[in-house]
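Written out below as structure tokens is the structure these notes cover.
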Protein chains: 2
Amino acid sequence: MNADKVLDVAMTAYWQSDPADVSVNAICQMAGISKPSLYREFGSEDGLKRAVLDSYAEQVLSDVFMIVISGNGLQETLAALVDFAAADPRMETGCLFYKMRAGKHRLGPETLARVEDIDATARSAYVALLQAARDSGEWQGGLPVEAGASYLGEQIALAITQRASGEEPARVREMLTLALSVFTRR
Amino acid sequence: MNADKVLDVAMTAYWQSDPADVSVNAICQMAGISKPSLYREFGSEDGLKRAVLDSYAEQVLSDVFMIVISGNGLQETLAALVDFAAADPRMETGCLFYKMRAGKHRLGPETLARVEDIDATARSAYVALLQAARDSGEWQGGLPVEAGASYLGEQIALAITQRASGEEPARVREMLTLALSVFTRR
DNA sequence: TCATTTTATTACCATGTGGTATTTTATGCC
DNA sequence: GGCATAAAATACCACATGGTAATAAAATGA
């Protein structure tokens with residue numbers, strides 16, 4: 001019955017609009033299947049969303065994860081992150097993960113757990129990045145690594161969210177670069 | 001019939017939860033009135049939300065507006081803004097205006113127009129603040145005033161939104177201070 | 001006091017939601 | 001072919017939403 005197509009359609013819809021604004025009915029219609037078929041495959045709306053998020057994580061988030069754990073220097077990594085957030089065409093309508101996270105309270109338990117899992121993974125990747133930079137002396141100053149990691153993560157989320165709301169990429173880049181300039185020793 | 005009480009109840013509900021998650025039914029119940037009464041007074045859900053936003057603007061936003069146009073120096077003004085965002089008890093559950101702005105697409109035309117109006121007002125206040133700082137030489141560097149104003153506004157919004165999502169005030173302050181440190185000549 | 005107008009309530013409508021019992025259609029298998 | 005089995009769709013459920021027509025209650029004026 002083509003579960004992959006349903007996943008694709010749902011991901012596109014959730015991603016381009018907002019997970020809270022796309023109904024199961026709409027997805028069935030777009031995918032050209034009936035509701036019971038969808039429910040037999042995914043169990044519930046929560047199950048669908050979790051499956052979509054899984055798919056999104058391995059199709060999209062894995063790329064940015066690679067950037068963070070690349071092992072290149074901090075400045076180079078930050079530059080790559082800025083490029084991704086401000087220029088990658090996939091982020092034109094925002095990041096599905098951030099959209100879900102922003103609407104946490106509207107998610108079912110499965111999807112919520114996955115969101116928090118991804119959040120924790122991302123955070124620890126940021127921590128590792130900054131810790132390495134500190135160890136190597138590339139990043140100095142008294143700011144705790146954990147605080148820097150939170151900051152970094154939130155700034156990237158903000159930049160991508162701004163892009164989703166129609167802000168011009170050039171301006172987004174400008175602001176994100178400014179925000180991340182705190183990691184540059186001047 | 002007590003329109004003020006309805007406004008109060010609705011504001012509290014919208015503010016503490018989210019404008020998109022509070023139904024007209026729920027507000028009527030909480031305010032102890034019937035639905036037609038509410039509709040005679042406010043016309044529509046959109047009208048209610050706009051009235052609530054008006055009330056919020058004069059009760060709460062006016063305070064932060066005062067801070068921005070105080071005419072004190074940039075550093076002092078930023079410090080006051082950080083205090084407001086990170087420590088004012090009224091921002092414990094976030095800012096109603098930012099919540100509405102984040103869910104723009106779910107708003108009716110009246111409320112949306114008001115949101116955009118407030119947004120523009122805030123932006124021009126930030127521009128004026130930074131322009132004055134530049135003129136007086138307190139803020140140097142090549143960053144355009146408009147870009148700085150966008151950045152400032154978004155950082156404050158981010159900080160308050162983080163508070164709403166349960167982040168500890170101390171951490172919010174830390175991150176916002178870090179973000180705004182770009183305005184400090186070092 | 002009685003009629004008129006204003007205010008509030010009850011009871012309802014159409015629509016959309018997530019989810020499912022029931023029936024139809026297709027798919028092996030002998 | 002004929003029959004069991006799995007997969008699909010139709011038609012429905014209960015519930016909640018924003019919004020309103022019909023109606024009762026209360027205030028107001030003469």
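The sequence lines fix the lettering, A, B, ..., with proteins before strands; numbering per chain opens at 1.
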So which protein nitrogen or oxygen atoms get under 3.5 Å of nucleotides 11-18 of chain D's nitrogens or oxygens?
residue: D:dT17; atom: OP1; partner: B:S23; partner atom: OG; Å: 3.2
residue: D:dT17; atom: OP2; partner: B:N25; partner atom: ND2; Å: 3.4
residue: D:dG18; atom: OP1; partner: B:E45; partner atom: OE2; Å: 2.8
residue: D:dG18; atom: OP2; partner: B:V24; partner atom: N; Å: 3.0

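- The nearest whole Å value for the distance from the CD atom in B:E41 to the P atom in C:dT9 is 13 Å.
- Computed from coordinates, the A:L48 CG to C:dG19 C1' distance equals 13 Å when rounded to whole Å.
- Cation-pi geometry between A:K99 and A:Y14 is not met at under 6.0 angstrom from the ring centre and within 45 degrees of the axis.
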Worked verdict on A:E92 versus A:Q16 for side-chain hydrogen bond (donor to acceptor under 3.5 Å, both in side chains): CA-CA 9 Å; A:E92 238 167 41; A:Q16 196 203 316; over 6 Å; no

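- Here the P atom of nucleotide D:dT23 and the CZ atom of B:R40 are 17 Å apart, to the nearest Å.
- The main-chain N or O of B:Q75 is found under 3.5 Å from a side-chain atom of B:E138 such that the two form a donor-acceptor pair.
- At least one donor-acceptor pair under 3.5 Å links the side chain of A:T121 to the backbone N or O of A:D117.
- Applying the side-chain contact (heavy atoms from CB on, under 4.5 Å) test to A:V9 and every residue at least two apart in sequence or in another chain returns A:K5, A:M30, A:A31.
- Residues A:S181 and A:T184 bring no donor and acceptor atom of their side chains to less than 3.5 Å of each other.
- For B:Y39, the ring-ring contact (aromatic ring centres under 6.0 Å, His included) test picks out no residue, with sequence neighbours left out.
- Atoms CG (A:L38) and C1' (D:dA9) sit 14 Å apart, rounded to a whole Å.
- Here the P atom of nucleotide C:dG16 and the CD1 atom of A:I27 are 17 Å apart, to the nearest Å.
- To the nearest angstrom, P of D:dA7 lies 14 Å from CG of A:N2.
- Of the residues in residues 3-21 of chain B, none lies under 4.0 Å from DNA chain D by heavy-atom distance.
- Taking atom CZ on A:F42 and atom P on C:dT20, their separation rounds to 16 Å, with Å as the unit.
- A:E110 meets the side-chain contact (heavy atoms from CB on, under 4.5 Å) test with A:D46, A:R50; sequence neighbours excluded.
- Regarding A:R106, its CZ atom lies at a distance of 16 Å from the C1' atom of C:dG18, rounded to whole Å.
- In this structure, A:S37 reaches the D:dA9 phosphate: one of its side-chain N or O atoms is under 4.0 Å from OP1 or OP2.
- For the salt bridge (charged side-chain N to carboxylate O under 4.0 Å, His left out) condition, the pairs that include at least one residue of residues 154-172 of chain B, sequence neighbours left out, are B:R101-B:E154.
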